[in-house]
Structures are given as structure tokens and as C-alpha cells.
Amino acid sequence: MAGSGKPRVAFFDFASCEGCQLTVVDSLQTHLELVEAVEIVQFREAMSDKGEDYLVAFVEGSCTRKSDEERLLKIREQAAVVVALGACAHTGGINALKNLQPSLPDVRQYVYGEQWQWYDSYPARPISAVIPVDAIIPGCPIDRFEFLDVVKKVLLGKKPAIPDYPLCVECKLKENVCLFDRGGTCLGPITRAGCDAICPTYGDGCEGCRGPIPNPNENAMKDVLEMAGLTAAQLMAKMTMFNAYDPMQIEG
Ligand code: SF4
Ligand code: SF4
Ligand code: SF4
């Protein structure tokens, strides 16, 4: 709390497309009661103030270089509550795809050209690989209603409940015909629900942006994808689109 008596909240971005912050801006525009309930002290995408006294930190983006660690540790030191905002922060997201490449220097050269050594970079990781995280808002981008719910819970001092059951549950409740019965493929059986099965509902297979459920049966998922006709390369691409981060690649 500060002089205003409201909880002070800050938003931070690391390696990301900033789409999750855009969703936040969009959500706040239609839920002014939330803007009234907190004092936003730092939010680069929406304002120029840079207050360093905050209670809750929302962190978007992956940690992709050594200097990010120092910044994350500073945020953790200051904030009583740290929330990972979106897939990049939660699972490493698409940033972690580079970890699968055989040579990180080659990746840097491809992205930054001749001056690639000017730009620091190391294997991408979720923020939980660097600091303890109190809550997550999964998805690429986040779901605005889930964001609003998590904010309310955090402000009430409660632990936000994120679904731990698979997307197929939501999909079935919507009475969708399964993609596998329509000649498609989908990661619904191993992916965390909470997006209202939006992709299958509109005819696209889930790519796993909300991360895996606890104890996913990945081998069974691979068998089903193989039976649906995916080649080994397609299967790998599907399984790793949002979930390429593997702590063993980093610590090993
Ligand atoms: S999770 Fe997706 S929308 Fe959000 S910052 Fe990362 S890439 Fe962008
Ligand atoms: S379309 Fe996907 S989410 Fe829906 S039931 Fe089939 S596998 Fe599950
Ligand atoms: S259906 Fe899958 S890919 Fe689509 S938003 Fe939901 S979790 Fe993400």
C-alpha cells in the first residue's frame, strides 16, 4: 500500500511480443473498477512513470540473457507477489524454440546479422527458472477474464486457481466434434484448460499455449498424433511450439 491506500502494482516485460500486456491494457479499458482498485506505478507499454515501490509485479516475457536474471531478482526482492503473465513467462513460450537449435551462436547470427556478438543471449527460460513465482496466467496471449480473476484473487490475498484438467473437458462441454474425428490433430488431452477451448471451437487444433496439465501422458499423446498421420518432424514441432523449454538443456 502507499499514500493512496491502494495496492501498488507494476508490469514488466522481458523477451516477448508484448501481446499479453496489450491484453491487459484492453482489459483495463473495459474494467475501470480495477484501475480504481490499484495504483499502477510502472507499466512501460501504457505510461512513462517508473515507480520502484510495488507490492504486486506482473512479469511478461522469458528470461533470455544473463542480465535478465539480475533484473528479475530485483523485482522478486521488491514484490510480495510475482505473477507470470502469459506463455513466454510461464513456460518460456515460443522463445524457447531456439533452445532446440544445435548452435546458439548460429541462431544469434541469423537473427542479428554481422554484429551478433553485440547482443547478449542464452537459452530462453520461464521466469520460474530464475525466481519463485506466486501465480501464473497462462496462454499466448493471456485470457482477459482469467487476468481479471487472478488480479482480484491476488488483491484478496488468495491463491488464484488455474484449471489443472485438460482442454478436452472444456471442448466436450462445448459439444465440439473432436478434431481427430475431422482429420485434424490437437494437443487438448495434455494441455491445461482455461481458454474455453477456443482453437478447437473455431476449427484449429490446440498447440498447447497454456502449457501442460500436471502429469501429462506425453507418450500416449505422441502415439495418437502418430496414428493421425503426423511425421516425426511434425510431431516434434507440435509438441514443442510452446513447450520447448527443458531444464536439462540448461542445467546439463
Ligand atoms: S505469451 Fe504470446 S502474446 Fe504473450 S508476450 Fe509471449 S508471444 Fe506475446
Ligand atoms: S478437439 Fe482437441 S480439445 Fe477437443 S476433444 Fe478433440 S483433442 Fe480434445
Ligand atoms: S486451444 Fe490450445 S493453443 Fe488455443 S488458446 Fe487454448 S491452450 Fe492455447
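Read the numbers this way: they start at 1 and go in the same order the structure lists the ligands and their atoms. The figures here come from the full heavy-atom set of this structure, side chains too, leaving out hydrogens, waters and symmetry mates.
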C186 backbone or side-chain N/O/S under 2.8 Å from atom 2 (Fe) of ligand 2: yes
For ligand 2, is any non-hydrogen atom under 4.0 Å from K172's backbone (N, CA, C, O), its side chain (CB onward), both, or neither? side chain
L187 CG to M239 CE distance, which is reported to the nearest 0.5 Å: 6.5 Å
List the closest protein heavy-atom neighbour of atom 4 (Fe) of ligand 2: residue, atom name, distance to the nearest 0.1 Å. C171 SG, 2.3 Å
Could you tell me whether ligand 3 has any atom less than 4.0 Å away from a heavy atom of P200? yes
Do the charged groups of K158 and D149 touch, with an N to O distance under 4.0 Å? no
Nearest non-hydrogen protein atom, atom 7 (S) of ligand 3: R210 CG, 3.6 Å
Identity and separation of the nearest protein heavy atom to atom 6 (Fe) of ligand 2: C178 SG, 2.3 Å
Protein heavy atom at shortest distance from atom 1 (S) of ligand 2: L179 N, 3.2 Å
What protein heavy atom is closest to atom 2 (Fe) of ligand 3, reported as residue, atom name and distance in Å? C206 SG, 2.3 Å
For the residue pair L55 and P7, what are the closest heavy atoms and their distance? CD2-CB, 4.1 Å
So among K98, R108, E69, which one has a side chain to side chain donor-acceptor pair (under 3.5 Å) with Y122? E69
The atoms of ligand 3 lying under 4.0 Å from a heavy atom of C195, numbered in the order shown, are 1 (S), 5 (S), 6 (Fe), 7 (S)
At a threshold of 2.8 Å, where the distance has to be below it, does atom 6 (Fe) of ligand 1 have an N, O or S atom of C20 nearby? no
Is it the case that atom CZ in R65 sees more than 12 heavy atoms from other parts of the structure closer than 6.0 Å? no
Using the ring of each side chain (for Trp, its six-membered ring), is F145 parallel, tilted or perpendicular to H31, with breaks at 30° and 60°? perpendicular
With a 3.5 Å distance limit and no angle check, can you tell me whether E170 reaches the backbone of G194 through a side-chain donor-acceptor pair? yes
Under 4.0 Å from a heavy atom of C140: give me the atoms of ligand 1 that qualify, with their elements. 1 (S), 2 (Fe), 3 (S), 7 (S)
Which of the numbered atoms in ligand 3 are below 4.0 angstrom from a heavy atom of I198? 5 (S)
Proximal ligand 1 atoms for S16, defined as those under 4.0 Å from one of its heavy atoms: 5 (S)
Metal site atom 8 (Fe) of ligand 3: N/O/S of C209 inside 2.8 Å: yes
Quick note on ligand 1: atoms under 4.0 Å from a heavy atom of E60 include exactly 5 (S)
Pairing of K66 and D120 as salt bridge, 4.0 angstrom limit: no
Nearest neighbour in protein (non-hydrogen) for atom 8 (Fe) of ligand 2: C168 SG, 2.3 Å
Just which atoms of ligand 3 are under 4.0 Å from any heavy atom in G208? 2 (Fe), 3 (S)
Among protein heavy atoms, which sits nearest to atom 3 (S) of ligand 3, and what does the distance come to when rounded to 0.1 Å? E207 N, 3.3 Å
Within-shell test, G139 vs ligand 1, heavy atom, strictly < 4.0 Å: yes
So if I count the atoms of ligand 3 from 1 in the order they appear, which ones are less than 4.0 Å from some heavy atom of C199? 1 (S), 3 (S), 4 (Fe), 5 (S)
At under 4.0 Å between heavy atoms, what of E18 touches ligand 1? The answer is backbone
So is R71 actually on top of F14's ring, under 6.0 Å and inside 45° of the axis? yes
